[in-house]
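All figures in this text were calculated on a predicted structure; none of them were measured in a lab. Just so you know, ligand 1 is whichever comes first in the structure, and atom 1 is the first atom listed for that ligand.
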Amino acid sequence: LKRIVVLISGSGSNLQAIMDAIQSGQINGQIELVISNKADAYGLIRAKNAGIATCVIDHKAFDSRESFDLAVQQRIDTIEPDLVILAGFMRILSAGFVRHYSGRMLNIHPSLLPKYKGLHTHQRALAAADKEHGCTVHFVTEELDGGPLLVQAVVPVKTDDTEATLQARVHEREHIAYPLAVEWICADRIRVCEDGIYRDNELLPTSGFR
Ligand code: GAR
């Protein structure tokens, strides 16, 4: 059983989707710990309801990004996880932290990467009059939202969409895409190599798997 640590900052609906997929047997893994940088993150309640250990490490209590990251790293490493999952964890991570979990840390980002790295992705897709938008699960590297892509889910952009309606449509698909990526990793179907990501010994397209 793969040992998983999840980092959150907010609602934790992606955490919920992953917990549900473990419960249903889709994912062969176990969440050992949920860490939040915010004490009032609703995801902490979701974790507690599922009997999962939680921990709050408030970034405001640290005087540098590096010292916060080191505290998080030390807490994570007590678990010796196979996989670290960023699920709406809204902190930029320092290079040393990212390197420490190289090849075993995932993030979900609400755009079709490499489009719209960073914030306000739905607003930017609307402003560009994109026909398609979506989300991406990727391995985390030192480049912000720049690591190798594992899964993408695409949704249409409708002419009457607002930021809220588009975000809701993407969010729904995140809850399918993230468990799928975690399922593959926990089933040892994914290999990260220099030339890209292999699933069942087949190189995934660089635009990600849709
Ligand atoms: C998700 O939409 C995720 O894609 C986004 O935060 C939301 C968290 O929702 N992540 C980022 O923007 C990362 N830069 P959740 O707390 O309900 O899972």
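- Leu119 belongs to a hydrophobic cluster with Met90, counting contacts under 4.5 Å between side-chain heavy atoms of Ile, Leu, Val, Met, Phe, Trp and Tyr, direct or through other members.
- A donor-acceptor contact shorter than 3.5 Å is absent between the side chain of Arg91 and the backbone of Ser9.
- Under the salt bridge (charged side-chain N to carboxylate O under 4.0 Å, His left out) criterion, Lys158 pairs with no residue, sequence neighbours left out.
- When the side-chain contact (heavy atoms from CB on, under 4.5 Å) test is applied to Phe62, the partners found at least two apart in sequence or on another chain are Ile57, Ser67, Phe68, Ala71.
- If you run side chain to side chain donor-acceptor pair (under 3.5 Å) between His122 and each of His171, His133, Glu163, only His133 comes through.
- Residues of the protein with a heavy atom under 4.0 Å from ligand 1 are Ser11, Gly12, Ser13, Asn14, Gly88, Met90, Ile108, His109, Pro110, His171, Glu174, listed by chain and number.
- In this model, no donor atom of one side chain and acceptor atom of the other lie less than 3.5 Å apart for His138 and His109.
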